[in-house]
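Quick note: numbers below take in every heavy atom, side chains included, and nothing from hydrogens, waters or symmetry partners. FYI, the numbering just counts along the sequence from 1.
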Amino acid sequence: MRKMYGRSFRFSLLIMACMGMGKAWAAAGGPWSTGYEATVMFDDNIGRSQHAADIEHDYLFMGAADASYTWGYSELMALTVQGQVQDEEYFDFEGLSNTRFGLTTDFRFQTHIGFTAASYSFFLRVMDTDSETDIRDATTMELGFRVTKRITDIITGTLGLVGSESRAEGEVFDLENTRYFGNIDYRITNRWSAYLTYNFIDGDVFSTATPTLPILNWADAIEPDNAFGGAANNKFVYRLKAKTTIWRLGANYGIDSKNAVDLSMDTLRSNAAGPNEYDRLTIAATFLHRF
């Protein structure tokens, strides 16, 4: 509990600092950008479990703040460095609560200028996770590429891929995977837009359950999961190779030039070795503010 209060205090300080810096930079103009967002989410399978007896659901609050600086080298080329902190607080399963600190470097370019000209991006992200459950403490590195193109004046498409590697306190959370994604944004009105995102992930997943023989035979790693009661509750988290698909359907409403509300729903299906399969549904409402 003390660790959770410490994370929340640090997050509150960063929010206040971003608000102060954001107002100053907005007044001064220039390449700085800051913002924050607050999300309430429902997750119907927080343990990513296969069997009904193991499935738990929970609500969580997530807050995030960021500050970025952009160097514009020309009309066709720019580099952005962004720092971010994110805090997740689960209502019932406090062991899953965590704080993440990250730094992202994003190099963007175009080959020519034009309304429908594609924009290309190479990005590197390093994220450190401090979790209530120590085995989930991890450092994650992501390297990715995406291309974005206006298809019409109201439709924009994005394609990309990301390679990810995590090294954690617990071996079961040492994860490696590759994610392929596509997104379509559709502007309905000047304030309303809708989007559809598809992710295909090839690589490691983790799941919490009461151990069975197939789990013991197929798991690459397995450890007691204290976020769900650990060995005393016969709950273990294990790692498997899997193919995972995620569909996201969302809508965004622009309140004004600085504020917006976003509503989204994710459906996830993971097919792992074993066989081990699980489904997951999340519903989220987010308030976003840019200074």
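- When all heavy atoms of Ser49 and Tyr278 are compared, the pair lying nearest together is O-CB, 3.2 Å.
- Side chains of Ile46 and Phe93 form a contact here, defined as non-hydrogen atoms less than 4.5 Å apart.
- Asp256 places a side-chain N or O within 3.5 Å of a backbone atom of Asn259 that can act as its donor or acceptor partner.
- Salt bridge absent: Arg150 and Asp185 never bring a charged side-chain N and a carboxylate O closer than 4.0 Å.
- Contact check on Asp266 versus Arg280 returns no salt bridge, with no Lys/Arg side-chain nitrogen under 4.0 Å from an Asp/Glu carboxylate oxygen.
- Donor-acceptor pairing under 3.5 Å is lacking for the side chains of Ser119 and Arg108.
- Among all heavy-atom pairs drawn from Gln50 and Ser207, the shortest one is N-OG, 4.5 Å.
- Between Thr80 and Thr105, the closest side-chain pair of non-hydrogen atoms is not below 4.5 Å.
- With hydrogens and angles disregarded, no donor-acceptor distance shorter than 3.5 Å links the side chain of Asp43 to the backbone of Thr282.
- For the atom pair OH of Tyr36 and NE2 of His289, the computed distance is 5.0 Å after rounding to the nearest 0.5 Å.
- For the residue pair Thr208/Asp225, the side-chain donor-acceptor check at 3.5 Å is satisfied.
- Here the straight-line distance linking atom CD of Glu89 with atom CG of Leu96 works out to 11.0 Å at 0.5 Å rounding.
- Using a 4.5 Å heavy-atom threshold, the side chains of Glu165 and Thr140 count as separate.
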Which pairs of donor and acceptor atoms, one on a side chain in residues 155-164, lie under 3.5 Å apart (sequence neighbours left out)?
residue	atom	partner	partner atom	Å
Thr158	OG1	Thr148	OG1	3.1

Worked check of side chain to side chain contact (heavy atoms under 4.5 Å, CB included) between Val85 and Thr99 | CA-CA 7 Å; Val85 61; Thr99 300; 4.0 Å; yes

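- Counting only heavy atoms from C-beta outward, the side chains of Arg100 and Gln84 never approach each other to under 4.5 Å.
- Side chain of Ser97 to main chain of Tyr90: a donor-acceptor pair is present (N/O by atom type, distance under 3.5 Å, no hydrogens or angles).
- For Arg248 and Tyr195, the positive end is not near the middle of the six-membered ring at less than 6.0 Å and at most 45° from its axis.
- Residues Ala38 and Phe61 approach most closely at CB-CE1, 3.9 Å, considering heavy atoms.
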What's the verdict on side chain to side chain contact (heavy atoms under 4.5 Å, CB included) for Leu103 and Val81, showing C-alpha distance, side-chain angles and the deciding distance?
-> CA-CA 7 Å; Leu103 186 68; Val81 176; 3.8 Å; yes

Stepwise side chain to side chain donor-acceptor pair (under 3.5 Å) check, Asp106 with Ser121 = CA-CA 7 Å; Asp106 187 349; Ser121 171; 2.5 Å; yes

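- Classification of Glu277 and Arg269 as a salt-bridged pair holds, one side-chain N sitting under 4.0 Å from a carboxylate O.
- Defined by atom type and a distance below 3.5 Å, a donor-acceptor pair is missing between the side-chain atoms of Asn234 and Thr210.
- Arg136 is not listed as a side-chain neighbour of Glu169, based on a closest heavy-atom distance of 4.5 Å or more.
- Between Tyr253 and Trp192, the two ring planes are tilted [angle within 30° to 60°].
- Looking at Thr104 and Arg125, their side chains do bring a donor and an acceptor atom within 3.5 Å of each other.
- Among Phe122, Phe181, Phe109, Phe107, the one residue that satisfies the ring-ring contact (aromatic ring centres under 6.0 Å, His included) test with Phe145 is Phe122.
- Using modelled atom types, one finds a donor on one side chain and an acceptor on the other under 3.5 Å when comparing Asn252 with Asp262.
- Between the Asn233 side chain and the Phe228 main chain, a donor and an acceptor come within less than 3.5 Å of each other.
- Note: Phe206 and Phe173 meet the aromatic proximity criterion, with ring centroids under 6.0 Å apart.
- Rounded to the nearest 0.5 angstrom, Ile201 CD1 and Tyr180 OH are separated by 11.5 Å.
- There is no side-chain donor-acceptor pair under 3.5 Å between His57 and Asp44.
- Residues Asp204 and Lys241 meet the side-chain proximity criterion, which asks for heavy atoms closer than 4.5 Å.
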Steps toward side chain to side chain contact (heavy atoms under 4.5 Å, CB included) verdict (Leu124, Met141) = CA-CA 7 Å; Leu124 173 66; Met141 179 177 293; 3.9 Å; yes

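- Considering OH of Tyr69 and CG of Leu79, their distance stands at 10.5 Å, rounded to 0.5 Å.
- Aromatic ring centres of Trp71 and Tyr73: separated by at least 6.0 Å.
- Taking every heavy atom of both residues into account, Glu223 and Glu171 meet most closely at OE2-N, 2.8 Å.
- Annotation: Asp153, atom CG; neighbour count of heavy atoms from other residues, nucleotides and ligands within 6.0 Å is above 12.
- With rounding to the nearest 0.5 Å, the separation of CD1 in Ile55 from CG in Asn45 is 4.5 Å.
- The heavy-atom pair separating Ser131 from Gly95 by the smallest distance is OG-O, 3.7 Å.
- With a 4.5 Å cut-off on side-chain heavy atoms, Trp247 and Leu196 count as touching.
- For the residue pair Asp202 and Thr178, no side-chain donor N or O sits within less than 3.5 Å of a side-chain acceptor on the partner.
- Nearest heavy-atom pair, Leu175 versus Arg167, reported as atom, atom and distance to 0.1 Å: N-NH1, 4.2 Å.
- The shortest distance between side-chain heavy atoms of Thr111 and Tyr120 falls below 4.5 Å.
- Annotation: the span from Glu37 atom CD to Arg290 atom CZ amounts to 8.5 Å, rounded to 0.5 Å.
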